[in-house]
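As structure tokens, the structure follows; a few thoughts come after it.
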Amino acid sequence: MIWKNRICRSACLQLLILLVVCQIAELKAAEKPVAANVFLIRTVDAADGRGIPLVELEAFNALTLQSDNLGNIAVCEPDLVGKTVRFLVRGHGYRVPQIDFFGERSVTVKIEPGTSFTLALERTAIAERLYRITGSGRYRDSSLAGIDLAGQPFELVGDVLGLDSAVPVVWQNRLLSFYGDTLGPNRINLSGSGAEIDLTKSGVPDRQLPLRFFTEQEGFASRMVPLVEPGFVWVETVVPLLADTDNDKEILACRYVVHKTLEEAVETGYAVFDELQGVFVPFRRIESSRPHKSARAVPVKYGEVTGFCLQPWERVTRTLSAFSTPEDYDYYSCLTAIDPASATSDACQIAGRNYEIERGSDGRPQLKWRRGTLPYDAAVQKQLLKEGYIKADETWLSLIELGTGRRIGDFTGSISYNRYRDRWVMFAQGNTGEIWYSEADTFTGPWLYARKIIEHDAYNFYNPVHHPWFDADDGRKVYIEGTFTAFFTAKEHKKPRSDYNQVMYRLQLDDGRLYMPCPVYRVRHGKDGYRLLTAEQIDRASRWPDVEKVEFFAFDSDFDKPWLRAVYDHAANEDGEPELLFESSGGDAPVYYVIDSGDGTVEKPAQCDIFDELLIRKYGNVLRADNALLTFDPEIKLDSDLYQLSSTASQPGRKP
């Protein structure tokens with residue numbers, strides 16, 4: 001016991017010394033002088049003290065201030081010195097806990113230059129905002145306050161004030177990113193820009209995403225697809241491909257769309273990257289009215305084939321000739337093209353061609369990979385729905401937000417496979433300014449329920465892109481980038497400096513609020529019987545061909561929620577139907593988990609924040625599967641090799 005007491009006393013002494021050192025360090029940090037003409041407001045996350053960028057303060061006179069990447073706001077208002085000022089606080093997913101007299105969330109401070117005030121905000125969004133990646137003034141207020149910015153990327157790289165929508169790609173052990181319209185101090189680049197992400201810098205991606213733009217001689221970001229004709233040239237997707245004549249040669253290629261106006265598209269083109277010039281050189285140009293839609297290509301394997309899913313509905317093999325021949329793409333669809341002479345009254349006409357909707361034995365649209373047809377995307381579904389060829393519950397990729405029951409009818413975002421969740425995960429654009437998170441058993445779905453993870457106050461945040469190469473802690477920690485802009489908002493009132501720029505978020509997938517439902521499938525059993533199984537159970541038994549429908553959505557874990565109760569199947573093998581009970585028969589694993597308080601009532605527990613109208617009572621409270629089409633494709637697997645970056649990443653021969 002003596003040695004234990006000595007170790008205990010020694011440990012306590014070391015802890016005491018450490019606490020004293022930390023207190024002295026904090027005291028010195030707090031006493032660090034602020035510039036004499038600046039009153040500094042530090043906006044921090046109440047949970048961990050990290051500075052919060054893009055927090056907005058607005059005074060009664062419409063004076064509006066915004067925090068920089070370190071969470072600092074420099075107040076330099078001579079006529080407010082010594083005054084007590086009330087600021088409305090807009091935190092975009094962060095908030096002041098209390099509501100004031102006006103029913104708003106605000107803070108009141110006395111403006112005293114040379115001093116600082118810390119404003120601690122609670123995070124309401126599940127994802128946390130890390131920093132603004134691009135544009136001017138990212139560290140402006142910290143600089144005005146006299147804070148040492150050594151090691152911070154405060155330079156205006158590429159002379160870029162703002163830019164649209166990132167399309168990142170790993171190529172030859174380098175991480176590149178390409179963008180849409182790009183704004184400079186005195187001109188606009190309407191042909192896209194590109195940059196390499198310097199992975200040798202410290203703090204990537206938690207503190208910074210340092211870009212080195214491909215630039216012209218004057219220093220401004222180069223035009224990535226320098227066409228002679230006028231118009232908006234938007235890079236849609238970028239992929240590393242294999243040359244048709246030499247499979248050892250990897251080529252970086254892009255698909256772009258030319259718009260004559262914001263609404264009118266006139267061309268789809270294909271180009272290869274010329275590293276010496278730092279531009280994409282077009283080699284095939286097709287007259288086309290298909291509008292631009294950002295595509296985050298996912299490298300996949302299916303059977304013996306390697307390729308890319310450019311969109312959830314668009315698949316192509318990994319060769320340059322296949323990529324540049326859209327008529328040879330595989331499209332995920334229920335449509336089959338038919339000859340006009342054989343068209344029946346059930347045939348629909350889209351873009352001048354006749355199609356039939358293939359339906360399964362249950363009468364529902366049957367989606368599978370097809371060639372020579374149209375993808376079952378939002379535009380096609382909208383037309384079919386309007387003309388009465390499909391019903392509202394026969395749509396695909398129409399996500400429902402769990403907390404509100406709201407629905408979106410289009411997909412824009414990223415899909416990746418996540419090791420921690422052991423599922424395909426989606427980061428999709430929700431309502432204006434929102435990003436939703438969803439999960440599915442396979443790449444094609446079923447995609448149905450989602451959680452809002454990012455929100456912005458009367459501001460937009462669109463075209464989210466997940467950076468899977470940055471996934472950390474075995475996939476628990478993921479990073480999402482998007483465009484912060486006033487475009488497509490009600491007022492389109494732009495935020496100075498930060499508008500039309502890229503912002504990085506971080507999401508912890510082990511967050512307790514991300515208890516996501518999964519499909520429970522009805523699986524054929526014996527001659528006329530059935531069982532209810534989740535995807536994991538179906539995988540183990542190789543039963544995907546026996547799946548008949550999605551019966552409902554439940555949970556495959558209790559997520560440490562006492563009100564998620566396990567359900568067990570007591571049926572014998574010869575029984576035609578499952579025998580579902582809350583009690584285990586001893587040693588058997590649960591089939592799934594349901595929402596149930598365990599007190600014998602049918603009411604949803606108060607801790608459960610799922611929208612009531614989404615729930616149905618069936619073996620406990622489960623979620624409806626009314627419009628969950630059978631859109632599973634277990635054959636598609638992630639080709640993770642194309643995501644890998646080695647320790648020598650970002651050390652290429654030619655620098656941008």
Side-chain angles (χ1 to χ4, degrees), residues 236-237 239 241-244 247 253-255 257 265 268-270 283-291 293 295-344 346-360 364-384 389-390 394-397 411 415 424 442-447 544-545 629-639:
E236 201 168 47
T237 190
V239 287
L241 301 171
L242 300 176
D244 292 272
N247 282 350
C254 82
R255 185 175 72 191
V257 174
T268 293
Y270 300 85
F283 67 93
R284 187 178 186 198
R285 303 176 66 176
I286 304 170
E287 186 177 333
S288 171
S289 61
R290 182 186 66 84
K293 189 172 183 64
R296 275 74 190 186
V298 182
V300 294
K301 297 177 181 178
Y302 44 102
E304 300 299 320
V305 180
T306 61
F308 289 93
C309 286
L310 306 178
Q311 295 279 17
W313 52 81
E314 196 173 45
R315 189 175 73 179
V316 62
T317 56
R318 197 187 165 209
T319 64
L320 187 61
S321 60
F323 175 68
S324 58
T325 311
E327 51 268 29
D328 290 340
Y329 284 16
D330 293 328
Y331 294 111
Y332 201 61
S333 182
C334 58
L335 298 173
T336 56
I338 58 173
D339 187 89
S342 60
T344 66
D346 293 331
C348 53
Q349 191 174 82
I350 305 174
R353 294 185 64 188
N354 292 283
Y355 298 90
E356 283 184 345
I357 299 175
E358 182 179 336
R359 295 182 178 271
R364 309 264 285 164
Q366 191 168 34
L367 276 72
K368 61 183 180 182
W369 293 105
R370 308 168 188 265
R371 195 165 292 186
T373 185
L374 290 176
Y376 198 55
D377 60 15
V380 167
Q381 292 176 64
K382 183 178 180 181
Q383 179 176 338
L384 294 176
Y389 291 105
I390 62 171
E394 295 178 336
T395 56
W396 176 53
L397 294 174
F411 166 79
I415 297 177
W424 291 89
T442 73
F443 175 80
T444 52
W447 299 104
W544 284 109
L629 297 176
L630 283 181
T631 57
F632 58 82
D633 183 358
E635 184 184 38
I636 293 182
K637 307 294 184 183
L638 177 70
D639 188 356

The criterion is salt bridge (charged side-chain N to carboxylate O under 4.0 Å, His left out); which residues satisfy it with Arg285, sequence neighbours excluded?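 In terms of salt bridge (charged side-chain N to carboxylate O under 4.0 Å, His left out), with neighbours along the sequence ignored, Arg285 is linked to Glu229, Glu267.
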Are side-chain heavy atoms of [X] and [Y] found at a separation under 4.5 Å?
X: Tyr302; Y: Asp633; answer: no
X: Gln383; Y: Ile350; answer: yes
X: Asp328; Y: Ser321; answer: no
X: Phe323; Y: Leu242; answer: no
X: Leu320; Y: Tyr270; answer: no
X: Thr631; Y: Trp447; answer: no
X: Tyr331; Y: Glu314; answer: yes
X: Pro326; Y: Ile286; answer: yes

Tell me, with the steps shown, if Leu384 and Leu335 meet side chain to side chain contact (heavy atoms under 4.5 Å, CB included). CA-CA 11 Å; Leu384 294 176; Leu335 298 173; 4.2 Å; yes
Shortest non-hydrogen contact from [X] to [Y]?
X: Tyr389; Y: Ala347; result: OH-O, 3.2 Å
X: Thr373; Y: Thr336; result: OG1-N, 4.1 Å
X: Pro312; Y: Ile415; result: CG-CD1, 3.7 Å
X: Gln366; Y: Arg370; result: O-NH2, 2.9 Å
X: Val257; Y: Pro291; result: CG1-C, 4.3 Å
X: Arg284; Y: Ser324; result: NH1-O, 2.5 Å

Rounded to the nearest 0.5 Å, what's the gap from [atom1] on [X] to [atom2] on [Y]? Could you check?
X: Cys254; Y: Leu241; atom1: SG; atom2: CG; value: 10.5 Å
X: Leu638; Y: Cys309; atom1: CG; atom2: SG; value: 10.5 Å
X: Cys334; Y: Leu629; atom1: SG; atom2: CG; value: 8.0 Å
X: Glu635; Y: Lys301; atom1: CD; atom2: NZ; value: 13.0 Å
X: Gln381; Y: Ser333; atom1: CD; atom2: OG; value: 9.5 Å
X: Arg318; Y: Phe308; atom1: CZ; atom2: CZ; value: 5.5 Å

Could you tell me whether Glu287 atom CD has more than 12 heavy atoms of other residues or ligands within 6.0 Å of it?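 Atom CD in Glu287 is not packed in, count stays at 12 or less.
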Are Leu310 and Lys293 close enough, and set up right, to give a side chain to side chain contact (heavy atoms under 4.5 Å, CB included), and what steps lead you there? CA-CA 11 Å; Leu310 306 178; Lys293 189 172 183 64; over 6 Å; no
Decide, yes or no, whether a salt bridge links Glu236 with Arg290 under the criterion of side-chain N to carboxylate O below 4.0 Å.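 The answer is yes: the pair qualifies as a salt bridge.
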For Arg255, is there any backbone N or O sitting under 3.5 Å from a side-chain donor or acceptor partner on Thr237?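 Pair absent, no side-chain N/O of Thr237 close to backbone of Arg255.
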Take Asp346 and Glu356 through the side chain to side chain contact (heavy atoms under 4.5 Å, CB included) test and state the conclusion after the steps. CA-CA 7 Å; Asp346 293 331; Glu356 283 184 345; 5.8 Å; no
Option among Tyr332, Trp396, Trp424, Trp544 that satisfies the ring-ring contact (aromatic ring centres under 6.0 Å, His included) test with Phe632: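 Exactly one option meets the ring-ring contact (aromatic ring centres under 6.0 Å, His included) with Phe632, and it is Trp544.
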Starting from the C-alpha separation in whole Å, work towards a yes-or-no answer on side chain to side chain contact (heavy atoms under 4.5 Å, CB included) for Leu367 and Thr444. CA-CA 10 Å; Leu367 276 72; Thr444 52; over 6 Å; no
Qualifying residues under ring pair (Phe, Tyr, Trp, His ring centres under 6.0 Å), relative to Phe411, sequence neighbours excluded: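 Applying ring pair (Phe, Tyr, Trp, His ring centres under 6.0 Å) to Phe411 gives none.
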